Every structure is written in C-alpha cells, then in structure tokens.
Amino acid sequence: MLANARRDALAMASYELGDDPWSVGCRAFAFGRNRLARAASSGSFNWLGVLDESNHFVFLIEDVPVRFYRGMADEPSVRMLRRHEEEASQLSLAIGEDAADGLAFRIAVETGVAGRVERVVFLALRGDEGDAECFWPIPLEIPAEEYPEGPLQLRLLPDDGYAGPDRKDAAAGNVTRDTARRVRALHAGRSAGSLRGS
C-alpha cells in the first residue's frame, strides 16, 4: 500500500505547476496514511488498525503500534525514533512494559533518485541510537498463483477496495460482464459516500 501510494503521488506530480520533491513527499505520506486507514476501516484486515490519525500517523499490526517514513532503513532520523506517549502506552499494553522499553516499530520506504520506491523494510528499533533488533525487507512483488480453472484477470490496483473477479467467473468466461458490474457498483458507492461527506 505504501509503495502504491508513492507511485500514485509521483504519477500525479505536476512539476510545471510547482510540485517539487517536498510536495510530492507530502502527497505520498497523505496517500499512504489514507490507504492504511481505509484498509483498516474496511474490516478486510482484522489485524490492521489505526491508533493516531493525525500527522503523527500511527497504525496497528495486531495491536502493536507502527509508523512509516521515507528514508534509509539503516539511518532512521531522531524524529523517526521518537515515540509519542500514546504509541509507547499502546506498545506496553501489546507486548509488556519490559519488552517495550525503548522499542519502536517502523516501516522505512527507501526511494531512489527519481523518488520511486526501491525497497520497503520493517524495523524493530531500540534506544536512542535506533539499534535494529529486526530488519525485514518486505517483498514488493506478490508471487503469481496458478489457477487450474484457467487464466484470471488481475486487479490493476490491489488496494482499491475491489476484490477482483471470482475464479469461477473467470473460468466461465464471465469476467468482463461481472467486472463491469462490480466496478460500477464500487464507483456508485464511492460517489454516494463523497456526496455524504464520508
């Protein structure tokens, strides 16, 4: 979700109208925050939640607070190592006070010169120096599944709320009609929600 958020922010950048790396970064953060909050509220991921929706955005993985940042995984800034009171309290509740002492969970989104995501790393950092107790590169490529019933239409945006066509529909050749019906229903629901202000 975070890699897709940055991809979309880069795609929407209008440098001729004044966008620069700072504005694109702000947009990427907002898009990432929105995608995670939307996924958490959808109920599709029972392990995902949101603790703090502010600009200090803290989300939960199995009740463990996590924050994300753009930067090198092996060089977290002092700002990224700082834990806010609500985050520290939640971590103590989730894993115990002794285990939580000085511990922070972060996801580093590493980018290249053009701003594109090169790597995403899950980190468990301890202390003021940010000693890494866990350094796990998150796979960005999802392995392809084989479907004995035949080919399956892949979703274009994996986190857009649309689950994709059913395998039995794909096997029966009903993908196009079924896909069009579901996409219309999804967009109708979004349009109605935006008119209500939700």
Side-chain angles (χ1 to χ4, degrees), residues 1-15 18-42 44-45 47-84 86-88 90-91 94-95 100 102-144 154-162:
M1 285 186 256
L2 296 174
N4 287 343
R6 178 155 280 277
R7 176 207 62 207
D8 293 348
L10 286 168
M12 292 179 69
S14 178
Y15 297 102
D19 267 331
D20 58 20
W22 182 82
S23 63
V24 172
C26 290
R27 188 175 294 131
F29 176 81
F31 286 7
R33 179 179 62 190
N34 182 54
R35 284 180 185 225
L36 288 168
R38 200 173 67 211
S41 67
S42 75
S44 298
F45 306 97
W47 48 267
L48 183 63
V50 174
L51 180 65
D52 182 354
E53 292 190 47
S54 74
N55 285 336
H56 298 290
F57 187 72
V58 180
F59 64 102
L60 302 170
I61 298 176
E62 291 287 339
D63 296 327
V64 173
V66 181
R67 292 180 63 201
F68 70 92
Y69 69 95
R70 187 204 57 82
M72 300 302 292
D74 55 357
E75 298 175 9
S77 68
V78 171
R79 194 173 112 238
M80 278 300 105
L81 292 172
R82 189 177 312 125
R83 296 183 315 159
H84 296 274
E86 190 176 19
E87 178 186 1
Q90 177 61 36
L91 187 58
I95 65 173
L103 188 62
F105 290 97
R106 300 292 183 258
I107 293 180
V109 179
E110 296 182 346
T111 60
V113 177
R116 288 183 173 71
V117 174
E118 292 185 348
R119 184 169 73 159
V120 178
V121 181
F122 179 80
L123 301 163
L125 305 168
R126 190 174 299 276
D128 294 337
E129 299 299 315
D131 296 325
E133 293 190 2
C134 174
F135 188 101
W136 181 64
I138 299 170
L140 294 178
E141 297 294 322
I142 300 170
L154 298 177
R155 296 174 288 158
L156 298 178
L157 293 173
D159 59 337
D160 64 355
Y162 169 59

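Bear in mind the structure is a predicted one, so any value in this text is a computation, not a measurement.
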Side chain to side chain contact (heavy atoms under 4.5 Å, CB included) between Leu140 and Val117, intermediate numbers included: CA-CA 9 Å; Leu140 294 178; Val117 174; 4.0 Å; yes

Whether over 12 other heavy atoms sit under 6.0 Å from [X] [atom1]:
X: Trp22; atom1: CH2; answer: no
X: Arg126; atom1: CZ; answer: yes
X: Asp131; atom1: CG; answer: yes
X: Glu129; atom1: CD; answer: no

For Ile95, all residues meeting side-chain contact (heavy atoms from CB on, under 4.5 Å), sequence neighbours excluded: Val64, Leu91, Ala99, Ala100, Leu103

Partners passing side-chain contact (heavy atoms from CB on, under 4.5 Å) against Ala9 (at least two apart in sequence or in another chain):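 Scan of Ala9 (side-chain contact (heavy atoms from CB on, under 4.5 Å), adjacent residues dropped) gives Val24, Arg27, Ala28, Phe31.
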
Taking every non-hydrogen atom, the tightest pair across Arg83 and Glu87: CA-OE1, 3.6 Å

Nearest-0.5 Å distance, [atom1] of residue [X] to [atom2] of residue [Y]:
X: Leu48; Y: Leu36; atom1: CG; atom2: CG; answer: 6.0 Å
X: Arg67; Y: His56; atom1: CZ; atom2: NE2; answer: 7.0 Å
X: Asn55; Y: Cys26; atom1: CG; atom2: SG; answer: 9.0 Å

Ring-ring centroid check Phe29 Phe68, cutoff 6.0 Å: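 Close enough - the centres of the two rings lie under 6.0 Å apart.
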
Mutual orientation of the aromatic rings belonging to Phe122 and Trp136 [parallel < 30°, tilted 30-60°, perpendicular > 60°]: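 Plane angle over 60°, so perpendicular.
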
Student check: side-chain heavy atoms of Pro76 and Leu123 closer than 4.5 Å: no

Selection residues 113-123 - residue pairs positive for side-chain hydrogen bond (donor to acceptor under 3.5 Å, both in side chains), sequence neighbours left out: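 side-chain hydrogen bond (donor to acceptor under 3.5 Å, both in side chains) check on residues 113-123 returns Glu110-Arg119.
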
Exam field: side chain Gln90 to backbone Asp63, donor-acceptor pair closer than 3.5 Å: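 Yes, because the side chain of Gln90 sits within donor-acceptor range (under 3.5 Å) of the backbone of Asp63.
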
